[in-house]
Amino acid sequence: NEAWEHHPPVADVSIRVFRSAPPNLVADAFYPLRLIPACSPALYKKIVDKRKKIVHPFPMIVHSQRSDQWQLWKDSAGVELPKPLRIIELNSTVAVVRAAQQELGVAIVPMPLSQQLFASGQLVPLYEHEAPTKDRFYFVSSPDVAETPAVQALRKWVLKTFSPLT
């Protein structure tokens, strides 16, 4: 079900996550979505010991339209997590990431989009394992503007800059 994500009808172009190329649009996949559990450095210190073992349960932050992400990550990593203290359900990826930054719990965050947050120390990974998904980021445009010079230039730059899939 991709009802959670579509190309805005008023936009010439967009970058969106889809399981497969959307019909009736010009779409180029440019990298796969991977998932990793992350939290604030302060929360990490409270729930993980020096041996990097989880020693306390934690609140689990869940995206309301992508509630299967935790299970997908656990299955991929082969890790058994403690029962969450509570589940915090939010309706956008930005809200999920911000909640993790604010020490509200541990969230599944998208990679490589969250790399800067890890590099800056705003988030730390709970585990290093990144779960692959069937989702891809797509550069999307409507057919009536896809061949215009401006859209072609932007498409070329996005695909070159963000390591197109081969």
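Any value given below was found using the heavy atoms of this structure, including those in side chains, with hydrogens, waters and symmetry copies removed.
The pair D28-R136 does not meet the salt-bridge criterion, since no charged nitrogen lies less than 4.0 angstrom from a carboxylate oxygen.
Note: the hydrophobic cluster containing V124 also contains L81 (ILVMFWY, side chain heavy atoms under 4.5 Å, direct or indirect links). Note on V96: it does not cluster hydrophobically with L43, by side-chain heavy-atom contacts below 4.5 Å among ILVMFWY residues. Hydrophobic clustering (side-chain heavy atoms under 4.5 Å, transitive across Ile, Leu, Val, Met, Phe, Trp, Tyr) keeps V26 apart from L159.
Taking NZ of K52 as the start and CG of L126 as the end, the distance is 11.0 Å to the nearest 0.5 Å. Taken from CZ in F118 to CE in M111, the straight-line distance is 5.5 Å, to the nearest 0.5 Å. Atoms OG and CG, on S141 and D12 in that order, are 8.5 Å from each other to the nearest 0.5 Å. If you take NE2 on H129 and CZ on R34, they are separated by 11.0 Å, rounding to the nearest 0.5 Å. Rounding to the nearest 0.5 Å places CD1 of I15 at 7.0 Å from CG of L154. Between atom CG of residue L113 and atom CG of residue L33 there is a gap of 7.5 Å, rounded to the nearest 0.5 Å.
Counting only heavy atoms from C-beta outward, the side chains of Y44 and I54 never approach each other to under 4.5 Å. Looking at I47 and P82, their side chains never come closer than 4.5 Å, going by heavy atoms from C-beta outward. The closest side-chain heavy-atom distance from V140 to F18 is below 4.5 Å. Between V109 and I36, the closest side-chain pair of non-hydrogen atoms falls below 4.5 Å. E89 places none of its side-chain heavy atoms less than 4.5 Å from the side chain of H63. Inter-residue side-chain proximity for I61 and V106 is flagged as unmet; no heavy-atom pair is nearer than 4.5 Å. The side-chain heavy atoms of V62 and I88, taken from C-beta on, include no pair separated by under 4.5 Å. Counting heavy atoms from C-beta on, the side chains of V79 and Y127 come closer than 4.5 Å.
Open room surrounds CG on N24; 12 or fewer heavy atoms of other groups in view lie less than 6.0 Å from it. For Q152, the CD atom counts as densely surrounded, since its 6.0 Å shell holds more than 12 non-hydrogen atoms of other residues, nucleotides or ligands.
Smallest separation of non-hydrogen atoms from F58 and W70: CE1-CH2, 4.3 Å. Between S120 and Q122, the shortest heavy-atom contact is OG-NE2, 2.9 Å. The shortest heavy-atom contact between P132 and L72 is O-CD2, 3.5 Å. Between P41 and G121 the shortest heavy-atom distance is CG-O, 3.1 Å. Nearest heavy-atom pair across A100 and A107 is CB-CB, 3.9 Å. Counting all heavy atoms, side chain and backbone alike, P57 lies closest to L85 at O-CD1, 3.6 Å.
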Apply side chain to side chain contact (heavy atoms under 4.5 Å, CB included) to residues F30 and F139 and explain how you reach the verdict. CA-CA 7 Å; F30 58 93; F139 181 94; 4.1 Å; yes

Tell me, with the steps shown, if V55 and V48 meet side chain to side chain contact (heavy atoms under 4.5 Å, CB included). CA-CA 6 Å; V55 293; V48 177; over 6 Å; no

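Remark: side-chain polar atoms of Q101 are not paired, donor with acceptor, to backbone N or O of L123 under 3.5 angstrom. S67 places no side-chain N or O within 3.5 Å of a backbone atom of S64 that could act as its donor or acceptor partner. With S114 contributing its side chain and L117 its backbone, the two residues share no donor-acceptor pair below 3.5 Å. Side-chain atoms of T133 come within 3.5 Å of backbone N or O of D135 as a donor-acceptor pair. Formation of a donor-acceptor pair under 3.5 Å by the S76 side chain with backbone atoms of W73 is not found in this model. Within the 3.5 Å criterion, the main-chain N or O of A27 finds no donor-acceptor partner in the side chain of R155.
Taking the six-membered ring for Trp and thresholds of 30 and 60 degrees, Y31 and F137 have ring planes inclined between 30 and 60 degrees apart.
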